[in-house]
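Both backbone and side-chain heavy atoms feed into the values below; hydrogens, waters and symmetry mates do not. Residue numbering restarts at 1 for every chain, and letters A, B, ... go by the order of the sequence lines.
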Amino acid sequence: MLSLKYLQENKDEAIKALKIKNFDATEIIGKIIVLDEKRKESQVKLDATLAEMNGLSKEIGMLFKSGKADEANAAKEKTGELKDSIAELTAIQNSTIQELNDLLLQIPNTPHSSVPAGKGENENVIEKTCGIIPKLHAEAIPHWELAKKYNIIDFELGNKITGAGFPLYRGKGAILQRALINFFLDENRKAGYEEVIPPLVVNEASGYGTGQLPDKEGQMYHVTEDNLYLIPTAEVPVTNIYRDVILKEEDFPVKNTAYSACFRREAGSYGKDVRGLNRLHQFDKVEIVQLQHPDKSYEALEGMVAHVEGLILKLELPYRLLRLCGGDTSFTAALTFDFEVFSAAQEKWLEVSSVSNFEAYQSNRLKLRYKGKDMKKPELAHTLNGSALALPRIVAALLENNQTPEGIRIPEALVPYTGFELID
RNA sequence: GGAGAGAUGGCAGAGUGGUCGAAUGCGGUAGUCUUGAAAACUAUUGUGCGGCAACGUACCGGGGGUUCGAAUCCCUCUCUCUCCGCCA
(Lines give C-alpha, C1' and ligand atoms only; values in the text may rest on other atoms or scores of the structure.)
Protein backbone atom coordinates (compact mmCIF):
# COMPACT_ATOMS: atom_id res chain seq x y z
CA MET A 1 0.00 0.00 0.00
CA LEU A 2 1.00 3.59 -0.45
CA SER A 3 2.38 5.31 2.60
CA LEU A 4 0.38 7.95 4.40
CA LYS A 5 3.31 10.29 4.35
CA TYR A 6 3.55 10.04 0.57
CA LEU A 7 -0.15 10.73 0.13
CA GLN A 8 -0.05 13.73 2.42
CA GLU A 9 2.92 15.26 0.70
CA ASN A 10 1.99 14.40 -2.88
CA LYS A 11 -1.78 14.33 -2.88
CA ASP A 12 -2.37 16.01 -6.24
CA GLU A 13 0.43 14.19 -7.94
CA ALA A 14 -0.91 10.86 -6.68
CA ILE A 15 -4.44 11.60 -7.85
CA LYS A 16 -3.15 12.56 -11.27
CA ALA A 17 -0.95 9.48 -11.56
CA LEU A 18 -3.73 7.13 -10.47
CA LYS A 19 -5.93 8.37 -13.31
CA ILE A 20 -3.53 6.52 -15.63
CA LYS A 21 -4.64 3.38 -13.81
CA ASN A 22 -8.23 4.46 -14.35
CA PHE A 23 -8.65 4.98 -10.63
CA ASP A 24 -10.25 8.11 -9.29
CA ALA A 25 -8.60 8.63 -5.94
CA THR A 26 -9.83 12.14 -5.20
CA GLU A 27 -12.49 11.17 -2.70
CA ILE A 28 -10.63 8.37 -0.98
CA ILE A 29 -7.43 10.34 -0.46
CA GLY A 30 -9.47 13.22 0.91
CA LYS A 31 -11.08 10.85 3.40
CA ILE A 32 -7.72 9.44 4.36
CA ILE A 33 -6.25 12.82 5.13
CA VAL A 34 -9.23 13.79 7.27
CA LEU A 35 -9.09 10.47 9.09
CA ASP A 36 -5.43 10.87 9.77
CA GLU A 37 -6.05 14.26 11.36
CA LYS A 38 -8.62 12.57 13.54
CA ARG A 39 -6.14 9.87 14.39
CA LYS A 40 -3.52 12.40 15.43
CA GLU A 41 -5.99 14.25 17.60
CA SER A 42 -7.12 11.18 19.48
CA GLN A 43 -3.52 10.07 19.81
CA VAL A 44 -2.53 13.32 21.49
CA LYS A 45 -5.42 13.03 23.91
CA LEU A 46 -4.72 9.40 24.59
CA ASP A 47 -1.03 9.99 25.23
CA ALA A 48 -1.82 12.80 27.65
CA THR A 49 -4.29 10.65 29.56
CA LEU A 50 -1.85 7.77 29.70
CA ALA A 51 0.83 10.11 30.98
CA GLU A 52 -1.51 11.25 33.74
CA MET A 53 -2.33 7.68 34.65
CA ASN A 54 1.32 6.66 34.70
CA GLY A 55 2.15 9.57 36.96
CA LEU A 56 -0.64 8.73 39.33
CA SER A 57 0.34 5.08 39.49
CA LYS A 58 3.88 6.01 40.40
CA GLU A 59 2.63 8.29 43.12
CA ILE A 60 0.47 5.57 44.57
CA GLY A 61 3.41 3.22 44.58
CA MET A 62 5.52 5.73 46.49
CA LEU A 63 2.77 6.43 48.97
CA PHE A 64 2.41 2.74 49.73
CA LYS A 65 6.14 2.41 50.15
CA SER A 66 6.34 5.26 52.59
CA GLY A 67 3.49 3.75 54.56
CA LYS A 68 0.85 6.32 53.68
CA ALA A 69 -1.81 3.78 52.84
CA ASP A 70 -4.69 6.16 53.42
CA GLU A 71 -3.44 8.70 50.94
CA ALA A 72 -2.70 5.94 48.47
CA ASN A 73 -6.21 4.58 48.69
CA ALA A 74 -7.57 8.06 48.21
CA ALA A 75 -5.51 8.46 45.07
CA LYS A 76 -6.83 5.17 43.78
CA GLU A 77 -10.30 6.61 43.70
CA LYS A 78 -9.21 9.01 41.00
CA THR A 79 -7.97 6.31 38.64
CA GLY A 80 -11.37 4.98 37.70
CA GLU A 81 -12.28 7.98 35.63
CA LEU A 82 -8.95 7.98 33.85
CA LYS A 83 -9.35 4.30 33.08
CA ASP A 84 -12.68 4.90 31.44
CA SER A 85 -11.38 7.63 29.22
CA ILE A 86 -8.33 5.59 28.29
CA ALA A 87 -10.60 2.75 27.22
CA GLU A 88 -12.74 5.12 25.21
CA LEU A 89 -9.84 6.89 23.53
CA THR A 90 -8.14 3.60 22.73
CA ALA A 91 -11.29 2.35 21.06
CA ILE A 92 -11.54 5.49 18.95
CA GLN A 93 -7.88 5.28 18.09
CA ASN A 94 -8.08 1.64 17.04
CA SER A 95 -11.16 2.02 14.91
CA THR A 96 -9.72 5.08 13.21
CA ILE A 97 -6.50 3.26 12.39
CA GLN A 98 -8.51 0.30 11.11
CA GLU A 99 -10.64 2.53 8.92
CA LEU A 100 -7.56 4.33 7.65
CA ASN A 101 -5.87 1.08 6.83
CA ASP A 102 -8.90 -0.26 4.99
CA LEU A 103 -8.94 2.81 2.80
CA LEU A 104 -5.22 2.70 2.13
CA LEU A 105 -5.54 -0.88 0.98
CA GLN A 106 -8.05 0.15 -1.65
CA ILE A 107 -5.65 2.46 -3.45
CA PRO A 108 -3.49 0.87 -6.13
CA ASN A 109 0.15 1.75 -6.56
CA THR A 110 0.82 4.95 -8.46
CA PRO A 111 2.15 4.18 -11.93
CA HIS A 112 5.54 5.40 -13.10
CA SER A 113 5.46 8.47 -15.32
CA SER A 114 6.31 6.35 -18.37
CA VAL A 115 3.21 4.16 -18.06
CA PRO A 116 0.92 4.86 -21.01
CA ALA A 117 -2.78 5.46 -20.50
CA GLY A 118 -5.08 2.67 -21.56
CA LYS A 119 -7.91 0.41 -20.50
CA GLY A 120 -6.58 -3.05 -21.18
CA GLU A 121 -4.12 -5.31 -22.93
CA ASN A 122 -4.86 -3.91 -26.38
CA GLU A 123 -3.35 -0.62 -25.37
CA ASN A 124 -0.07 -1.95 -24.11
CA VAL A 125 2.87 -0.46 -25.96
CA ILE A 126 5.02 -2.82 -27.99
CA GLU A 127 8.57 -1.72 -27.23
CA LYS A 128 10.14 -4.14 -29.65
CA THR A 129 9.58 -7.33 -31.59
CA CYS A 130 12.53 -9.61 -32.19
CA GLY A 131 13.36 -12.94 -33.73
CA ILE A 132 12.03 -14.77 -36.70
CA ILE A 133 8.61 -16.31 -36.71
CA PRO A 134 9.17 -19.75 -38.16
CA LYS A 135 7.36 -21.03 -41.20
CA LEU A 136 5.99 -24.37 -40.15
CA HIS A 137 5.62 -27.34 -42.40
CA ALA A 138 2.21 -28.28 -43.75
CA GLU A 139 1.42 -30.89 -41.08
CA ALA A 140 2.33 -28.61 -38.15
CA ILE A 141 0.06 -29.02 -35.13
CA PRO A 142 -0.48 -27.18 -31.83
CA HIS A 143 1.47 -28.23 -28.75
CA TRP A 144 -1.33 -30.17 -27.11
CA GLU A 145 -1.37 -32.47 -30.11
CA LEU A 146 2.42 -32.65 -30.20
CA ALA A 147 2.37 -33.56 -26.52
CA LYS A 148 0.18 -36.52 -27.33
CA LYS A 149 1.99 -37.52 -30.50
CA TYR A 150 5.35 -37.79 -28.74
CA ASN A 151 3.86 -38.90 -25.42
CA ILE A 152 5.60 -36.18 -23.41
CA ILE A 153 2.70 -34.50 -21.61
CA ASP A 154 -0.42 -36.38 -20.58
CA PHE A 155 -3.33 -34.08 -19.83
CA GLU A 156 -5.84 -36.93 -19.45
CA LEU A 157 -3.76 -38.65 -16.79
CA GLY A 158 -3.43 -35.38 -14.92
CA ASN A 159 -7.16 -35.14 -15.14
CA LYS A 160 -7.55 -38.59 -13.68
CA ILE A 161 -5.17 -38.03 -10.84
CA THR A 162 -6.18 -34.49 -9.91
CA GLY A 163 -8.28 -32.58 -12.41
CA ALA A 164 -8.04 -30.17 -15.31
CA GLY A 165 -4.98 -27.97 -15.34
CA PHE A 166 -2.68 -30.47 -13.62
CA PRO A 167 -0.77 -32.14 -16.45
CA LEU A 168 1.54 -35.10 -16.09
CA TYR A 169 4.88 -34.70 -17.83
CA ARG A 170 6.62 -37.90 -18.84
CA GLY A 171 9.77 -39.15 -20.54
CA LYS A 172 11.46 -36.44 -22.55
CA GLY A 173 8.70 -34.07 -21.53
CA ALA A 174 9.65 -34.45 -17.89
CA ILE A 175 13.36 -34.13 -18.68
CA LEU A 176 12.67 -30.97 -20.67
CA GLN A 177 10.99 -29.42 -17.61
CA ARG A 178 13.93 -30.25 -15.42
CA ALA A 179 16.36 -28.98 -18.07
CA LEU A 180 14.60 -25.64 -18.34
CA ILE A 181 14.48 -25.18 -14.58
CA ASN A 182 18.19 -25.89 -14.23
CA PHE A 183 19.06 -23.74 -17.22
CA PHE A 184 17.14 -20.77 -15.82
CA LEU A 185 18.53 -21.17 -12.32
CA ASP A 186 22.09 -21.40 -13.62
CA GLU A 187 21.69 -18.32 -15.77
CA ASN A 188 20.16 -16.38 -12.90
CA ARG A 189 22.89 -17.45 -10.56
CA LYS A 190 25.51 -16.28 -13.08
CA ALA A 191 23.74 -12.91 -13.07
CA GLY A 192 24.28 -12.60 -9.33
CA TYR A 193 21.03 -13.97 -7.93
CA GLU A 194 21.35 -16.16 -4.87
CA GLU A 195 19.32 -19.32 -5.23
CA VAL A 196 16.80 -20.24 -2.55
CA ILE A 197 14.33 -23.08 -2.21
CA PRO A 198 11.34 -21.65 -0.35
CA PRO A 199 8.35 -23.34 1.25
CA LEU A 200 5.53 -23.92 -1.23
CA VAL A 201 2.92 -23.24 1.40
CA VAL A 202 2.69 -19.96 3.29
CA ASN A 203 0.84 -18.57 6.29
CA GLU A 204 -1.60 -15.71 6.35
CA ALA A 205 0.96 -13.09 7.34
CA SER A 206 3.00 -13.84 4.23
CA GLY A 207 -0.09 -13.64 2.05
CA TYR A 208 -0.77 -10.18 3.41
CA GLY A 209 2.85 -9.17 3.08
CA THR A 210 2.93 -9.45 -0.68
CA GLY A 211 -0.67 -8.44 -1.21
CA GLN A 212 -2.33 -11.72 -2.22
CA LEU A 213 -4.51 -11.28 0.82
CA PRO A 214 -7.06 -10.01 1.34
CA ASP A 215 -8.10 -9.13 -2.22
CA LYS A 216 -6.87 -12.14 -4.23
CA GLU A 217 -7.90 -14.72 -1.68
CA GLY A 218 -9.98 -16.65 -4.19
CA GLN A 219 -7.02 -17.16 -6.49
CA MET A 220 -5.06 -19.23 -3.99
CA TYR A 221 -5.58 -22.78 -2.83
CA HIS A 222 -6.33 -22.60 0.86
CA VAL A 223 -5.45 -25.40 3.27
CA THR A 224 -8.21 -24.64 5.74
CA GLU A 225 -7.23 -27.26 8.31
CA ASP A 226 -4.00 -25.40 9.01
CA ASN A 227 -4.92 -22.02 7.55
CA LEU A 228 -2.10 -22.10 5.02
CA TYR A 229 -2.03 -21.17 1.35
CA LEU A 230 -0.35 -22.85 -1.64
CA ILE A 231 1.87 -20.26 -3.27
CA PRO A 232 0.75 -18.77 -6.60
CA THR A 233 4.37 -17.72 -7.27
CA ALA A 234 7.72 -17.95 -5.52
CA GLU A 235 7.52 -14.19 -5.19
CA VAL A 236 5.40 -14.71 -2.09
CA PRO A 237 7.77 -16.77 0.08
CA VAL A 238 10.91 -15.16 -1.30
CA THR A 239 9.79 -11.57 -0.78
CA ASN A 240 8.50 -12.48 2.68
CA ILE A 241 12.03 -13.46 3.68
CA TYR A 242 12.42 -9.73 4.11
CA ARG A 243 9.20 -8.99 5.97
CA ASP A 244 9.89 -6.84 9.06
CA VAL A 245 13.52 -6.49 8.11
CA ILE A 246 15.69 -3.39 8.27
CA LEU A 247 18.54 -3.75 5.81
CA LYS A 248 21.78 -1.85 5.88
CA GLU A 249 22.14 0.49 2.94
CA GLU A 250 25.23 -1.39 1.79
CA ASP A 251 23.25 -4.64 1.60
CA PHE A 252 21.72 -3.47 -1.69
CA PRO A 253 21.12 -4.95 -4.10
CA VAL A 254 19.61 -8.07 -2.60
CA LYS A 255 19.04 -10.57 -5.40
CA ASN A 256 17.32 -13.93 -5.06
CA THR A 257 16.15 -16.52 -7.50
CA ALA A 258 13.92 -19.47 -6.77
CA TYR A 259 12.32 -22.29 -8.65
CA SER A 260 8.92 -23.34 -7.41
CA ALA A 261 5.80 -25.05 -8.48
CA CYS A 262 3.03 -22.45 -8.59
CA PHE A 263 -0.60 -23.08 -7.79
CA ARG A 264 -3.43 -20.94 -9.07
CA ARG A 265 -7.13 -21.58 -8.93
CA GLU A 266 -7.72 -19.41 -11.99
CA ALA A 267 -11.36 -19.07 -11.04
CA GLY A 268 -13.33 -17.76 -13.97
CA SER A 269 -10.95 -18.85 -16.72
CA TYR A 270 -12.32 -20.98 -19.51
CA GLY A 271 -12.38 -21.67 -23.22
CA LYS A 272 -9.66 -21.65 -25.83
CA ASP A 273 -7.29 -19.56 -23.73
CA VAL A 274 -6.84 -22.42 -21.32
CA ARG A 275 -6.15 -25.07 -23.92
CA GLY A 276 -3.09 -27.27 -23.35
CA LEU A 277 -0.31 -25.48 -21.49
CA ASN A 278 -1.70 -22.00 -21.98
CA ARG A 279 -3.20 -21.79 -18.52
CA LEU A 280 -2.69 -24.30 -15.72
CA HIS A 281 -3.55 -24.73 -12.06
CA GLN A 282 -0.08 -26.05 -11.32
CA PHE A 283 2.97 -24.97 -13.22
CA ASP A 284 6.68 -24.46 -12.80
CA LYS A 285 8.36 -21.11 -12.69
CA VAL A 286 11.73 -19.66 -11.85
CA GLU A 287 11.43 -16.27 -10.28
CA ILE A 288 13.89 -13.44 -9.71
CA VAL A 289 13.44 -10.95 -6.87
CA GLN A 290 15.44 -7.84 -6.17
CA LEU A 291 15.47 -5.37 -3.30
CA GLN A 292 16.93 -2.03 -4.18
CA HIS A 293 17.67 1.44 -2.96
CA PRO A 294 14.89 3.77 -4.13
CA ASP A 295 17.35 5.72 -6.26
CA LYS A 296 18.41 2.64 -8.14
CA SER A 297 15.27 0.60 -8.63
CA TYR A 298 14.59 1.68 -12.20
CA GLU A 299 18.15 0.97 -13.18
CA ALA A 300 17.64 -2.47 -11.62
CA LEU A 301 14.38 -2.95 -13.53
CA GLU A 302 16.20 -2.29 -16.77
CA GLY A 303 18.82 -4.84 -15.81
CA MET A 304 16.17 -7.43 -15.04
CA VAL A 305 14.42 -6.86 -18.36
CA ALA A 306 17.73 -7.25 -20.20
CA HIS A 307 18.46 -10.43 -18.27
CA VAL A 308 15.11 -12.01 -19.10
CA GLU A 309 15.52 -11.00 -22.71
CA GLY A 310 18.86 -12.80 -22.74
CA LEU A 311 17.18 -16.01 -21.58
CA ILE A 312 14.60 -15.88 -24.35
CA LEU A 313 17.28 -15.15 -26.91
CA LYS A 314 19.23 -18.21 -25.81
CA LEU A 315 16.12 -20.28 -26.32
CA GLU A 316 15.88 -18.85 -29.85
CA LEU A 317 12.25 -17.91 -29.52
CA PRO A 318 10.62 -14.98 -31.33
CA TYR A 319 9.42 -12.51 -28.74
CA ARG A 320 8.14 -9.07 -28.12
CA LEU A 321 8.49 -6.73 -25.20
CA LEU A 322 5.48 -4.81 -23.95
CA ARG A 323 5.24 -1.85 -21.67
CA LEU A 324 1.95 -2.35 -19.90
CA CYS A 325 -0.58 0.45 -20.00
CA GLY A 326 -2.26 1.76 -16.89
CA GLY A 327 -5.27 -0.49 -17.24
CA ASP A 328 -3.18 -3.65 -17.54
CA THR A 329 -0.59 -2.84 -14.90
CA SER A 330 -1.34 -4.77 -11.75
CA PHE A 331 -2.71 -3.17 -8.61
CA THR A 332 0.63 -3.29 -6.85
CA ALA A 333 3.09 -2.46 -9.65
CA ALA A 334 4.40 0.95 -10.66
CA LEU A 335 5.83 -0.20 -13.97
CA THR A 336 5.62 -3.57 -15.66
CA PHE A 337 7.22 -5.02 -18.76
CA ASP A 338 5.82 -8.22 -20.21
CA PHE A 339 7.64 -10.61 -22.48
CA GLU A 340 5.56 -12.62 -24.92
CA VAL A 341 6.83 -15.39 -27.14
CA PHE A 342 5.16 -16.38 -30.37
CA SER A 343 3.74 -19.84 -30.45
CA ALA A 344 3.68 -20.55 -34.15
CA ALA A 345 1.07 -23.28 -34.51
CA GLN A 346 -1.64 -21.65 -32.46
CA GLU A 347 -0.39 -18.34 -33.89
CA LYS A 348 -0.55 -16.58 -30.57
CA TRP A 349 1.64 -14.39 -28.46
CA LEU A 350 1.97 -15.99 -25.02
CA GLU A 351 3.04 -14.10 -21.93
CA VAL A 352 6.07 -15.80 -20.38
CA SER A 353 7.42 -13.14 -18.08
CA SER A 354 6.26 -10.10 -16.24
CA VAL A 355 8.96 -7.88 -14.78
CA SER A 356 7.84 -5.18 -12.38
CA ASN A 357 9.02 -2.48 -10.08
CA PHE A 358 6.76 -2.16 -7.07
CA GLU A 359 8.71 0.76 -5.67
CA ALA A 360 7.79 1.05 -1.97
CA TYR A 361 4.27 -0.34 -2.33
CA GLN A 362 5.07 -3.91 -1.24
CA SER A 363 7.70 -2.75 1.23
CA ASN A 364 5.20 -0.65 3.07
CA ARG A 365 3.09 -3.69 3.83
CA LEU A 366 6.06 -5.90 4.44
CA LYS A 367 7.72 -3.27 6.62
CA LEU A 368 10.86 -3.82 4.59
CA ARG A 369 13.17 -0.91 5.22
CA TYR A 370 16.81 0.08 5.00
CA LYS A 371 18.98 2.42 6.95
CA GLY A 372 22.11 4.22 5.86
CA LYS A 373 24.82 5.50 8.13
CA ASP A 374 23.71 9.11 7.98
CA MET A 375 20.00 8.35 8.16
CA LYS A 376 18.13 9.13 11.32
CA LYS A 377 15.20 6.89 10.46
CA PRO A 378 14.83 3.83 8.27
CA GLU A 379 13.15 4.28 4.89
CA LEU A 380 11.15 1.86 2.77
CA ALA A 381 13.16 -0.17 0.28
CA HIS A 382 12.03 -0.83 -3.27
CA THR A 383 11.08 -4.31 -4.41
CA LEU A 384 11.14 -5.75 -7.90
CA ASN A 385 10.45 -9.13 -9.34
CA GLY A 386 10.11 -10.98 -12.57
CA SER A 387 9.63 -14.42 -14.01
CA ALA A 388 12.86 -15.84 -15.38
CA LEU A 389 10.99 -17.72 -16.64
CA ALA A 390 7.60 -19.42 -16.45
CA LEU A 391 7.81 -22.83 -18.06
CA PRO A 392 4.53 -23.92 -19.63
CA ARG A 393 4.21 -21.32 -22.35
CA ILE A 394 7.92 -21.50 -23.10
CA VAL A 395 7.39 -25.23 -23.60
CA ALA A 396 4.34 -24.59 -25.76
CA ALA A 397 6.31 -22.26 -28.02
CA LEU A 398 9.36 -24.53 -28.11
CA LEU A 399 7.27 -27.51 -29.13
CA GLU A 400 5.28 -25.68 -31.76
CA ASN A 401 8.04 -23.56 -33.28
CA ASN A 402 10.67 -26.26 -33.39
CA GLN A 403 8.57 -29.06 -34.81
CA THR A 404 9.89 -30.72 -37.92
CA PRO A 405 8.78 -33.85 -39.73
CA GLU A 406 11.66 -35.63 -37.92
CA GLY A 407 10.76 -34.45 -34.45
CA ILE A 408 11.05 -31.46 -32.14
CA ARG A 409 14.41 -29.75 -32.12
CA ILE A 410 15.86 -28.67 -28.76
CA PRO A 411 17.64 -25.29 -28.78
CA GLU A 412 21.40 -25.55 -28.50
CA ALA A 413 21.64 -23.83 -25.12
CA LEU A 414 19.39 -26.49 -23.60
CA VAL A 415 21.05 -29.58 -25.02
CA PRO A 416 23.66 -29.78 -22.23
CA TYR A 417 20.71 -29.88 -19.84
CA THR A 418 18.45 -32.33 -21.70
CA GLY A 419 21.13 -34.63 -23.03
CA PHE A 420 19.20 -35.01 -26.29
CA GLU A 421 18.73 -32.82 -29.36
CA LEU A 422 15.46 -34.10 -30.61
CA ILE A 423 12.14 -35.23 -29.23
CA ASP A 424 11.00 -38.01 -31.51
C1' G B 1 0.05 -37.85 18.96
C1' G B 2 1.66 -37.91 24.68
C1' A B 3 4.73 -35.52 28.74
C1' G B 4 7.73 -31.48 30.17
C1' A B 5 10.56 -26.77 29.48
C1' G B 6 10.81 -22.23 27.20
C1' A B 7 10.06 -17.42 23.89
C1' U B 8 13.41 -10.51 26.68
C1' G B 9 17.19 -5.45 22.35
C1' G B 10 21.89 -7.41 16.26
C1' C B 11 23.56 -11.90 19.42
C1' A B 12 24.21 -14.13 24.34
C1' G B 13 21.78 -13.43 28.78
C1' A B 14 19.79 -11.07 33.77
C1' G B 15 15.32 -9.39 35.48
C1' U B 16 9.10 -12.98 39.10
C1' G B 17 4.36 -6.76 40.64
C1' G B 18 6.33 -0.15 41.16
C1' U B 19 11.76 4.83 39.50
C1' C B 20 12.56 -1.30 33.75
C1' G B 21 13.02 0.58 27.31
C1' A B 22 14.99 -2.98 30.53
C1' A B 23 21.56 -5.04 34.08
C1' U B 24 25.91 -7.29 32.10
C1' G B 25 28.88 -9.33 28.16
C1' C B 26 29.71 -9.58 22.89
C1' G B 27 28.90 -7.05 18.44
C1' G B 28 28.10 -2.10 15.63
C1' U B 29 29.34 3.25 15.15
C1' A B 30 32.32 7.62 16.43
C1' G B 31 36.51 9.41 19.01
C1' U B 32 41.38 9.26 21.97
C1' C B 33 46.13 6.89 21.56
C1' U B 34 49.14 4.89 17.07
C1' U B 35 53.06 6.03 11.00
C1' G B 36 48.87 2.47 10.18
C1' A B 37 46.41 -1.59 12.43
C1' A B 38 45.45 -4.31 16.85
C1' A B 39 44.82 -3.68 21.98
C1' A B 40 43.20 -0.36 25.61
C1' C B 41 40.17 3.69 26.97
C1' U B 42 35.83 7.16 26.20
C1' A B 43 31.17 8.08 24.19
C1' U B 44 27.23 6.28 21.54
C1' U B 45 24.15 2.38 19.71
C1' G B 46 16.09 -0.60 18.92
C1' U B 47 11.27 0.49 16.43
C1' G B 48 6.39 2.94 15.69
C1' C B 49 3.25 7.28 16.74
C1' G B 50 2.72 12.71 18.17
C1' G B 51 6.15 17.02 18.43
C1' C B 52 10.66 22.12 15.27
C1' A B 53 12.57 20.39 19.76
C1' A B 54 12.53 19.29 24.83
C1' C B 55 9.75 15.53 25.62
C1' G B 56 5.38 12.36 25.80
C1' U B 57 3.48 7.59 24.46
C1' A B 58 3.43 2.42 22.89
C1' C B 59 6.19 -2.08 22.08
C1' C B 60 9.97 -7.81 26.50
C1' G B 61 6.39 -14.06 20.69
C1' G B 62 0.52 -12.71 19.24
C1' G B 63 -4.31 -11.74 21.55
C1' G B 64 -7.19 -11.14 26.02
C1' G B 65 -7.63 -10.60 31.52
C1' U B 66 -6.36 -9.30 36.90
C1' U B 67 -4.26 -4.69 39.25
C1' C B 68 -3.89 2.14 41.02
C1' G B 69 0.48 -0.16 38.50
C1' A B 70 2.52 -6.12 34.43
C1' A B 71 8.58 -8.11 30.97
C1' U B 72 7.06 -10.17 35.85
C1' C B 73 0.47 -12.98 37.87
C1' C B 74 -3.86 -15.58 35.07
C1' C B 75 -6.24 -17.37 30.33
C1' U B 76 -5.55 -18.39 25.22
C1' C B 77 -3.06 -18.88 20.51
C1' U B 78 1.49 -19.49 17.80
C1' C B 79 6.34 -21.05 17.68
C1' U B 80 10.97 -23.42 19.68
C1' C B 81 13.57 -27.11 22.57
C1' U B 82 13.93 -32.01 25.41
C1' C B 83 12.00 -36.97 26.17
C1' C B 84 8.47 -40.85 24.46
C1' G B 85 5.51 -42.74 20.37
C1' C B 86 4.77 -42.88 15.01
C1' C B 87 7.06 -42.21 10.34
C1' A B 88 9.46 -40.29 5.10
Legend entry - Distance in angstrom units between A/Leu100 CG and B/rG48 P, rounded: 17 Å
Inset, instruction - Only pairs at least two apart or in different chains count here, so list each ring pair (Phe, Tyr, Trp, His ring centres under 6.0 Å) that has a residue in residues 205-226 of chain A. - result: A/His222-A/Tyr229
Inset, instruction - Could you label the plane-to-plane angle of the A/Tyr370 and A/His293 rings as parallel, tilted or perpendicular, counting under 30° as parallel and over 60° as perpendicular? - result: tilted
Inset, instruction - Could you list the residues that satisfy side-chain hydrogen bond (donor to acceptor under 3.5 Å, both in side chains) with A/Tyr6, not counting sequence neighbours? - result: none
Inset, instruction - Return the value, rounded to whole Å, for the distance between atom CD1 of A/Ile97 and atom C1' of B/rG48. - result: 10 Å
Legend entry - C1'-based separation of B/rU78 from B/rA23 [nearest Å]: 30 Å
Legend entry - Summary of protein contacts for nucleotides 55-68 of chain B, nucleotide by nucleotide, where a base hit scores B, a sugar-phosphate-only hit scores S (4.0 Å, heavy atoms): -BSS---------B
Inset, instruction - Could you list all the ring pair (Phe, Tyr, Trp, His ring centres under 6.0 Å) pairs where at least one residue sits in residues 187-206 of chain A, not counting sequence neighbours? - result: A/Tyr193-A/His307
Inset, instruction - Can you spot which of A/Asp338, A/Thr336, A/Thr233 makes a side chain to side chain donor-acceptor pair (under 3.5 Å) with A/Ser354? - result: A/Asp338
Legend entry - Separation between the P atoms of B/rC75 and B/rU42, rounded to whole Å: 46 Å
Legend entry - Spacing of the C1' atoms in B/rA22 and B/rU32 (rounded, Å): 30 Å
Inset, instruction - Find the partner of B/rA5: check Watson-Crick (N1-N3 plus N6-O4 or O6-N4) and G-U wobble (N1-O2, O6-N3) distances, both under 3.5 Å, and reply none if neither fits. - result: B/rU80
Legend entry - Closest-nucleotide ordering on RNA chain B, the 5'-leading residue of A/Asp36 and A/Lys248: A/Lys248
Legend entry - For RNA chain B, the residues among residues 203-213 of chain A that have a non-hydrogen atom under 4.0 Å from it: none
Inset, instruction - Step through it carefully: locate the ring centre of A/Tyr259, locate the ring centre of A/Phe184, and say whether they are under 6.0 Å apart. - result: no
Legend entry - Pairwise P distance, B/rU72 and B/rU16 [rounded to whole Å]: 12 Å
Legend entry - Presence of A/Arg369 side-chain N/O under 4.0 Å of B/rU47 phosphate oxygens OP1/OP2: no
Inset, instruction - Not counting sequence neighbours, which residues clear side-chain hydrogen bond (donor to acceptor under 3.5 Å, both in side chains) with A/Arg264? List them please. - result: none
Inset, instruction - Please check if the distance between the ring centroids of A/Phe263 and A/His281 is under 6.0 Å. - result: no
Legend entry - Close aromatic pair by centroid cut-off 6.0 Å: A/Tyr298 and A/His382: no
Inset, instruction - Using the P atom as the reference point in each nucleotide, state the distance between B/rU67 and B/rG62 in Å, no decimals. - result: 23 Å
Inset, instruction - Write down the distance separating the P atoms in B/rA70 and B/rU57, rounded off to the nearest Å. - result: 13 Å
Inset, instruction - Using a 4.0 Å heavy-atom cut-off across all strands, classify A/Lys45 as base, sugar-phosphate, or nothing. - result: nothing
Inset, instruction - Write down the partner of B/rC26 under the Watson-Crick or G-U wobble criteria, each distance required to be under 3.5 Å. - result: B/rG10
